[in-house]
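Take a look at the structure set out below.
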Amino acid sequence: MTKIAVTLNGRATSADVEPRTLLVQLLRDTLHLTGTHVGCDTSQCGACVVHVDGVAVKACTMLAVQADGTQVLTIEGLAGGTQLHPMQEAFREHHGLQCGFCTPGMIMTAVDMVARLGTDLSEGTIRENLDGNLCRCTGYHNIVKAVQAGAHAMGAPAAAAAE
Ligand code: FES
Ligand code: FES
């Protein structure tokens, strides 16, 4: 076992992991943050997306030891207390989910998309940048609408002031 330390959702966290432990296993099985989902385990579905040092990563493709010393943000750390993050609020408002299984990964990918590409995202850009996230339920239309609205909301003065 190897001891690793991460800043997880803003809190210093440490854990003993095996060399083969995946980041998603550390989050779900050891630290009980089950908002990060496992849909495929083969780097295809995007249900496991988290941010590592501010960049979206499929947590089933990264070893926990590789996260040692990093800042990890999961869906549980996105909201500010009881206040939903603007992207979460947009998914709620625009019915961007049905069963919700893909939703944490979609939202973490969407927030990363805004960080990389800005708050004014075209439908085409959103669809292109969501190509690593699969949804079995929605047909994507409302997800795209939600990402577009959430991106705009993230650029609004109130949201900017809160970050
Ligand atoms: Fe990681 Fe599907 S569980 S991409
Ligand atoms: Fe069910 Fe996307 S809402 S998988």
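In each ligand, atom 1 is the first atom listed, and ligand 1 is the first ligand listed. Numbers here simply count residues along the sequence, with the first being 1.
- Residue-ligand proximity, Ser43 to ligand 1, at heavy-atom distances under 4.0 Å covers atoms 4 (S).
- Put simply, Cys48 gets within reach of atom 1 (Fe) of ligand 1, with an N, O or S atom under 2.8 Å from it.
- Under the 6.0 Å distance and 45° angle rule, Arg127 does not count as a cation-pi partner of Tyr140.
- Atoms of ligand 1 lying under 4.0 Å from at least one heavy atom of Cys45, given by number and element, are 2 (Fe), 3 (S), 4 (S).
- Contact record, Val144 with Ile126: O-CD1, 3.8 Å, taken as the closest heavy-atom pair.
- Residue Gly39 approaches ligand 1 through these ligand atoms, each under 4.0 Å from one of its heavy atoms: 3 (S).
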**OP:** In sequence, state the C-alpha distance, the side-chain angles, and the governing distance for Thr109 and Asn133, and then conclude on side chain to side chain donor-acceptor pair (under 3.5 Å).
**Re:** CA-CA 8 Å; Thr109 296; Asn133 291 74; 3.1 Å; yes

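- Applying the 4.0 Å criterion to heavy atoms of Gln44 picks out, from ligand 1, the atoms 4 (S).
- Taking every non-hydrogen atom of Lys58 and a distance limit under 4.0 Å, the qualifying atoms of ligand 1 come out as 4 (S).
- Set against the non-hydrogen atoms of Asp41, the atoms of ligand 1 under 4.0 Å away are 2 (Fe), 3 (S).
- Under the 4.0 Å criterion applied to side-chain N and carboxylate O atoms, Arg116 and Asp112 are assigned as salt-bridge partners.
- Annotation for ligand 1: atoms under 4.0 Å from non-hydrogen atoms of Cys40 are 2 (Fe), 3 (S), 4 (S).
- The closest donor-acceptor contact from the side chain of Asp41 to the backbone of Cys60 lies at 3.5 Å or more, if one exists at all.
- For atom 4 (S) of ligand 1, the closest heavy atom belonging to the protein is Gly46 N, 3.2 Å.
- For His37, every N, O or S atom stays at 2.8 Å or more from atom 2 (Fe) of ligand 1.
- Checking Cys137 against atom 2 (Fe) of ligand 2, every N/O/S atom stays at or beyond the 2.8 Å cut-off.
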